[in-house]
Number of protein chains: 2
Amino acid sequence: MSEPKRRDKAATRTALLEAARRRFTEHGYDGTGVRDIAADAQVDATLIFRYFGSKQALFDEAVRVDVPQGLGRDGRRDPAALAGELLREIVFTDRTAPGAEHPLFVMLRSAGRPEVRAHLREQVCDEYLADFAERLPGPDAGLRAELIGGLLLGIGLMRSVIGSPALSDSSIEETGGLVAEMVAALQAAPPQ
Amino acid sequence: MSEPKRRDKAATRTALLEAARRRFTEHGYDGTGVRDIAADAQVDATLIFRYFGSKQALFDEAVRVDVPQGLGRDGRRDPAALAGELLREIVFTDRTAPGAEHPLFVMLRSAGRPEVRAHLREQVCDEYLADFAERLPGPDAGLRAELIGGLLLGIGLMRSVIGSPALSDSSIEETGGLVAEMVAALQAAPPQ
DNA sequence: GTCTATAAGATGATAGAC
DNA sequence: GTCTATCATCTTATAGAC
């Protein structure tokens with residue numbers, strides 16, 4: 001028998017991070033124990049504290065995401081195209097991959113914690129939606145931008161947590177085409 | 001000093017149910033302890049087991065909702081009007097009221113539990129969205145219906161858990177007008 | 001670099017006194 | 001109809017042996 005364990009700090013860390021992302025995504029922060037994560041990663045639970053300090057710190061690192069700055073900032077993309085990009089980046093990720101669910105949805109499932117909610121609002125409203133508000137007409141541009149955010153988040157929710165049949169099976173082209181129409185309508189809508 | 005407590009079974013039960021709905025909505029199933037609920041309701045924690053049997057049973061009763069059957073079944077309402085009704089019923093409830101958040105969002109925050117997810121999918125897809133699919137054109141009517149579901153759920157999410165500024169402050173008329181435009185666009189969209 | 005043992009506290013749930 | 005006391009189990013986290 002070879003070594004009983006991979007004596008490799010980096011590999012252990014990565015394995016823990018991926019297992020954490022999977023567990024937190026599926027069961028939320030409170031529903032996940034450090035023992036569960038460690039078992040999935042096939043390492044000892046105490047290593048979590050050795051490498052990350054605490055369960056909370058592991059969570060923070062597992063859901064950390066760098067929002068792609070200025071998604072269409074150089075080009076003058078219209079809102080529908082922007083929405084399409086976000087749809088691909090956030091919603092239509094390959095969820096068969098190791099820790100592939102987008103961090104936004106991991107946070108959504110752990111939104112019981114106030115700090116997680118604050119982080120979520122910051123990221124969604126201030127980072128992702130800022131570009132939309134600039135490109136939408138009317139005095140209610142902010143509201144329209146948030147409606148687009150709600151649409152994208154809702155689609156992701158239907159696919160990942162609710163598991164609705166049609167959306168879960170649909171291709172990004174199919175869904176993206178319909179979403180583009182909805183966003184275009186929002187752009188054309190008269191002030192309410 | 002008068003009686004130390006309201007000796008009233010019905011009142012205690014109701015108080016527990018309302019406190020449970022509030023707690024479960026805000027902190028999710030796992031983030032809520034029976035002691036928390038009892039403290040909010042100002043009764044003893046053991047009464048939860050006396051009246052409901054278990055924490056899980058209390059949760060089930062707290063989130064039970066009767067889907068209004070056949071929302072526009074008698075009238076031949078179009079999807080945009082139907083969406084408006086759901087928006088009012090599900091999203092724009094008065095959240096200052098006692099246990100007012102719609103049960104769907106309580107479930108969403110406790111979606112770590114598989115049974116809750118199943119219940120959620122059943123209610124959203126089979127009950128709420130069935131009426132839409134019938135009224136939408138094209139071979140992808142089911143997909144379009146789920147997009148509407150995602151939009152409504154996403155809007156509720158932005159308001160309740162994310163707390164996005166514009167949507168949270170908006171009136172149902174304002175938001176409803178924009179939602180109607182988006183749903184109409186979905187109705188008019190060519191098959192993808 | 002990894003594991004054993006354990007601390008210190010919270011959890012859901014029960015039995016029985018009042 | 002309500003409360004006290006308690007159980008068994010689970011939690012995060014730490015100290016220290018190997």
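Convention: sequence-line order gives letters A, B, ...; per-chain numbering from 1.
- B:Leu47 has its CG atom 15 Å from the P atom of C:dA13, to the nearest Å.
- Taking atom NZ on B:Lys9 and atom C1' on D:dT2, their separation rounds to 13 Å, with Å as the unit.
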Legend entry - Per-nucleotide protein contact string for nucleotides 13-18 of chain D (B base, S sugar-phosphate only, - none; heavy atom under 4.0 Å): BB----
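- In this structure, B:Arg13 atom CZ and D:dG1 atom P are separated by 12 Å, rounded to whole Å.
- One atom, CZ of B:Phe52, and another, C1' of C:dT14, lie 18 Å apart when rounded to the nearest Å.
- Ranking C:dT11, C:dT2, D:dG1 by closeness to the B:Tyr51 side chain, first place goes to D:dG1.
- Residues that satisfy the side-chain hydrogen bond (donor to acceptor under 3.5 Å, both in side chains) test with B:Thr25, not counting sequence neighbours, are absent from this structure.
- Here D:dT6 presents its C1' atom at 13 Å from CG of B:Asp44, a figure rounded to the nearest Å.
- One atom, CG of B:Asp36, and another, P of C:dG9, lie 18 Å apart when rounded to the nearest Å.
- The salt bridge (Lys or Arg N to Asp or Glu O under 4.0 Å) test applied to B:Asp40 returns B:Arg23, not counting sequence neighbours.
- With sequence neighbours excluded, no residue satisfies ring-ring contact (aromatic ring centres under 6.0 Å, His included) with A:Phe132.
- At whole-Å resolution of the value, CG in B:Asp30 and P in C:dT11 are 12 Å apart.
- Following rounding to the nearest Å, B:His27 (NE2) and C:dT11 (C1') show an atom-to-atom distance of 16 Å.
- Shown here are the side-chain hydrogen bond (donor to acceptor under 3.5 Å, both in side chains) partners of A:Asp36, two or more places apart in sequence or in another chain: there are none.
- Judged by the 6.0 Å and 45° rule, B:Lys55 forms a cation-pi pair with B:Tyr29.
- Evaluation of the salt bridge (Lys or Arg N to Asp or Glu O under 4.0 Å) rule for B:Arg121 yields no partner, not counting sequence neighbours.
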